Q: 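The structure's right below; bear with me while I get my questions together.
Just so it is clear: chains get the letters A, B, ... in the order the sequence lines come, proteins before strands, and each one is counted from 1. For clarity, every value in this text was computed on a predicted model and none was experimentally measured.
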2 protein chains.
Amino acid sequence: MKMPPLHQEFVLHFGEMGSRWGINRTVGQIYALLFLSAEALNADQITEALGISRSNTSMGLKELQAWRLVRLKHVPGDRKDHFTTPDDLWEIVRILIDERKKREIDPTLSKLRALEMQGPVGDDYSEARISELREMIEMMTGFYEDMARLDTEKLVRLMTYGSRIAGLIDKVGGYLPASRG
Amino acid sequence: MKMPPLHQEFVLHFGEMGSRWGINRTVGQIYALLFLSAEALNADQITEALGISRSNTSMGLKELQAWRLVRLKHVPGDRKDHFTTPDDLWEIVRILIDERKKREIDPTLSKLRALEMQGPVGDDYSEARISELREMIEMMTGFYEDMARLDTEKLVRLMTYGSRIAGLIDKVGGYLPASRG
DNA sequence: CTGGGATTTCAGAAATTACTGAAACTCTCG
DNA sequence: CGAGAGTTTCAGTAATTTCTGAAATCCCAG
């Protein structure tokens, strides 16, 4: 693995964290490498920098593309495909949350709805628990979807605003409809 | 695995989702079982319901306790330890986010800070990319910590309010300090 | 067409992670 | 103190996941 020390440490860290993030070591490393790289890299460059097999690189890139975390970029005069990460970090965060939601939450939400559809087949407690869980997930994903709709500038303002937002709602809350349509 | 069909389906689903959530199958199943259970269960009941080994149950419960997702509950007149999940779903969500933050984000934030401390050891692009990433993570975790401080009632109000919150900030934003801290 | 570079697929090997049963330990009650 | 129920640890095994090299496929320039 030959690259500047900073890159090296960063790449190794992402590799280690990979398993906690639900991706494997090499996928984490490939992402880290591309993230720090000013220019797009081709698969052979990645293979060499990380000291892994060419096929492993190919699979890693495929997975990162499935996550929409890396993009293909054509370099004129080069037949090879080159890869980059989006420049805009906010975009990366949105993609990450969307994809995790899709993989980790949506299937469970569907399952909960399906279970409720079956009608009363359990004891009261478990039925109630399942409904409550579904409602909570719907509220949280609904909120996220609302936030994701905001443009970056507004989002930054909101986050910087922090918990004072709550006071704001207290103040004006009475004059506004209590729930979303 | 003998339990009502509703429980069974729910438990199996949590087992399957486990790997996506960064826990293993049995840990997911144990959690699901306790979640639906009106009364606290002891380790033997869990072992029998899920058809796994007693030691596996013990390890699963230990991991769930490390996540603070299950609690010990003493049942009078019974020497065995009994386990439950918190009743309040909001509390569960807070715990989940806190713990995931601790495992998935905090180590990276530390690493980024450490890398920046080393002074200028990389190219300009990668240095900038790392700072930018650290700042973004700090903003998001800061916002989360602010939100976590709110009581449930305010939080529900805020989430229900959704994206209209942004308009609210637009309206009063000028009269308030631009940043926290 | 077709020759050859570029990429992907895939079956098996390697590495990692999960699970089990047996043994060790802990705690409490008599 | 010490018997025994209850729990945890741990070493070995099973299952799963990741990685590799070879073969197959793709695709464009000539």
Q: For A:Tyr31 versus A:Thr85, what's the shortest heavy-atom pair and its separation?
A: CE1-CG2, 3.4 Å
Q: Yes or no on side chain to side chain donor-acceptor pair (under 3.5 Å) for A:Arg157 and A:Tyr161, after CA distance, side-chain angles and deciding distance?
A: CA-CA 6 Å; A:Arg157 196 118 56 94; A:Tyr161 217 87; over 6 Å; no
Q: Can you tell me how far the CG atom of B:Leu69 sits from the OG1 atom of B:Thr84, to the nearest 0.5 Å?
A: 12.0 Å
Q: Can you tell me how far C1' of D:dT20 sits from CG of A:Leu50, to the nearest Å?
A: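 So the CG-C1' distance, A:Leu50 to D:dT20, works out to 15 Å.
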Q: Report the distance from atom NZ of B:Lys80 to atom C1' of D:dT8, rounded to the nearest whole Å.
A: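 After rounding, the reported distance stands at 15 Å.
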Q: Scan nucleotides 15-30 of chain C nucleotide by nucleotide, 5' to 3', and note B when protein non-hydrogen atoms come under 4.0 Å of the base, S if they reach only the sugar-phosphate, - if neither.
A: -S-SSBB-----B---
Q: Counting only heavy atoms not in B:Arg25, do more than 12 sit closer than 6.0 Å to its CZ atom?
A: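 Count not over threshold, so no.
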Q: Taking B:Tyr125 as the starting point, is it possible to reach A:Leu41 by hopping between hydrophobic residues whose side chains are less than 4.5 Å apart?
A: no
Q: Considering just the side-chain nitrogens and oxygens of A:Lys62, establish if one lies under 4.0 Å of OP1 or OP2 belonging to C:dT9.
A: yes
Q: So, A:Glu91 and A:Arg94, do they make that salt bridge, N to O below 4.0 Å?
A: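 Salt bridge: no.
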Q: Whole Å only: how far is the CD atom of B:Glu63 from the C1' atom of D:dT8?
A: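 So the two atoms are 15 Å apart, to the nearest Å.
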Q: Tell me which residues in residues 28-45 of chain A put a heavy atom below 4.0 Å from DNA chain D, sorted by number, or none.
A: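 None, since no heavy atom is under 4.0 Å.
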Q: Let me check the geometry of the helix from C:dC1-D:dG30 to C:dG30-D:dC1. What is the bend angle between the axes at its two ends, five pairs each, to 10°?
A: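 Nearest ten degrees gives 20° for this helix.
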Q: Show me, pair by pair, the donor-acceptor contacts under 3.5 angstrom made by side chains of residues 106-114 of chain A, not counting sequence neighbours?
A:
from	atom 1	to	atom 2	distance (Å)
A:Asp106	OD1	A:Lys101	NZ	3.2
A:Asp106	OD2	A:Lys101	NZ	3.4
A:Thr108	OG1	B:His13	NE2	2.8
A:Ser110	OG	A:Asp106	O	3.1
A:Lys111	NZ	B:Glu9	OE2	3.0
A:Arg113	NE	A:Glu138	OE2	3.2
A:Arg113	NH2	A:Glu138	OE2	2.8

Q: Between A:Thr160 and B:Met139, is there a side-chain heavy-atom distance shorter than 4.5 Å?
A: yes
Q: From A:Glu145 CD over to A:Met140 CE, what is the distance, rounded to the nearest 0.5 angstrom?
A: 12.0 Å
Q: Over how many whole Å does the gap from A:His82 atom NE2 to C:dA6 atom C1' extend?
A: 12 Å
Q: Give every residue pair that meets the side-chain hydrogen bond (donor to acceptor under 3.5 Å, both in side chains) criterion with at least one member in residues 14-24 of chain A, sequence neighbours excluded.
A: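 Matches after skipping sequence neighbours: A:Asn24-A:Thr26.
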Q: Roughly, in whole Å, what's the span from CG in B:Leu61 to P in D:dT9?
A: 12 Å
Q: Applying salt bridge (Lys or Arg N to Asp or Glu O under 4.0 Å), which residue pairs with at least one partner in residues 45-64 of chain A are found, sequence neighbours left out?
A: A:Lys2-A:Glu48, A:Asp44-A:Arg54
